[in-house]
Amino acid sequence: MSRIDVLREQEVAAYFQSLGINQGPGDIQYRLIVLVLASNEGGVTQFSDIRTYTDRIADRGSVASKLKTVFLLDGLAERVQRGGYVVTDKGLAAARFIQESGKFYKRSTKIAAIIERMP
């Protein structure tokens with residue numbers, strides 16, 4: 001499983017929230033859950049693996065609720081055992097979108113810094 005930078009993901013989520021986007025790229029729980037699931041593509045991701053990243057920003061109940069109400073209902077993940085989830089193709093597409101939104105944030109902040117330095 002690859003390492004996910006929680007602080008950077010929080011920055012990206014805050015940026016999108018400042019644009020008025022609170023779901024998907026603006027939701028830190030969503031960002032972290034989808035990235036953790038996608039980083040374990042083809043394998044079973046345990047709830048404890050997800051909590052490793054989300055414990056710093058959310059309580060256990062809200063993460064479990066997000067998994068049940070968003071990820072399972074929207075078909076982004078499938079529950080395969082108690083506390084075990086497998087990412088679906090739809091979930092992988094969502095992960096690619098989240099990764100691209102992170103790249104967009106990086107580009108836009110870089111451009112904003114350049115513009116700020118212009119006379």
When you measure from the side chain of N40 to the backbone N and O of V44, does any donor-acceptor pair fall under 3.5 Å? yes
Spacing of K68 atom NZ and S65 atom OG [to the nearest 0.5 Å]: 7.5 Å
Please walk me through it: do I33 and Y53 pass side chain to side chain contact (heavy atoms under 4.5 Å, CB included)? CA-CA 8 Å; I33 294 169; Y53 294 98; over 6 Å; no
Distance in Å, K66 NZ paired with L72 CG, rounded so as to fall on 0.5 Å steps: 13.0 Å
Provide the closest heavy-atom pair for V12 versus S101 in the form atom of the first, atom of the second, distance. CG1-O, 4.2 Å
Audit row: Q29, T54, side-chain hydrogen bond (donor to acceptor under 3.5 Å, both in side chains) steps and yes/no: CA-CA 7 Å; Q29 289 181 11; T54 59; over 6 Å; no
Kindly indicate, with the supporting measurements, whether the criterion side chain to side chain contact (heavy atoms under 4.5 Å, CB included) is fulfilled by D27 and N22. CA-CA 6 Å; D27 181 354; N22 295 313; over 6 Å; no
Is there a side-chain contact between V34 and L76, using heavy atoms and a 4.5 Å cut-off? no
So, T45 side chain and V86 main chain: donor-acceptor pair closer than 3.5 Å or not? no
If we only count heavy atoms from C-beta on, is the I98 to L35 side-chain gap below 4.5 Å? yes
Roughly how far apart are Q99 CD and R31 CZ, rounded to 0.5 Å? 9.5 Å
Hydrophobic clusters here meaning ILVMFWY residues chained together by side-chain heavy-atom distances under 4.5 Å, can you tell me if V6 and V36 are in one? yes
Go through L92 and E41 one step at a time and tell me if the side chain to side chain contact (heavy atoms under 4.5 Å, CB included) criterion holds. CA-CA 8 Å; L92 291 173; E41 180 183 358; 3.3 Å; yes
Mind jotting down which residue pairs meet the salt bridge (charged side-chain N to carboxylate O under 4.0 Å, His left out) criterion with at least one end in residues 101-119? Sequence neighbours excluded, please. E100-K103
Can a donor-acceptor pair be found between the side chains of S39 and R3 at a distance below 3.5 Å? no
Test your reading of the model: is there a side-chain donor-acceptor pair from S108 to the backbone of F104, 3.5 Å cut-off? yes
Same hydrophobic cluster for L32 and L7, using side-chain heavy-atom links shorter than 4.5 Å among ILVMFWY? no
F16/Y105 aromatic ring centres below 6.0 Å: no
Does the side chain of Y85 reach to within under 4.5 Å of the side chain of L37, using non-hydrogen atoms? yes
Is the shortest heavy-atom distance from the side chain of F97 to the side chain of P25 under 4.5 Å? yes
Side-chain touch L67/I50, heavy atoms, less than 4.5 angstrom: yes
Would a distance-only check, ignoring hydrogens and angles, find a side-chain to backbone donor-acceptor pair under 3.5 Å from S18 to Y15? yes
Sequence neighbours left out, what pairs pass side chain to side chain donor-acceptor pair (under 3.5 Å) with at least one residue falling in residues 69-79? none
When you compare the side chain of Q46 with that of Q81, does any pair of heavy atoms fall below 4.5 Å? yes
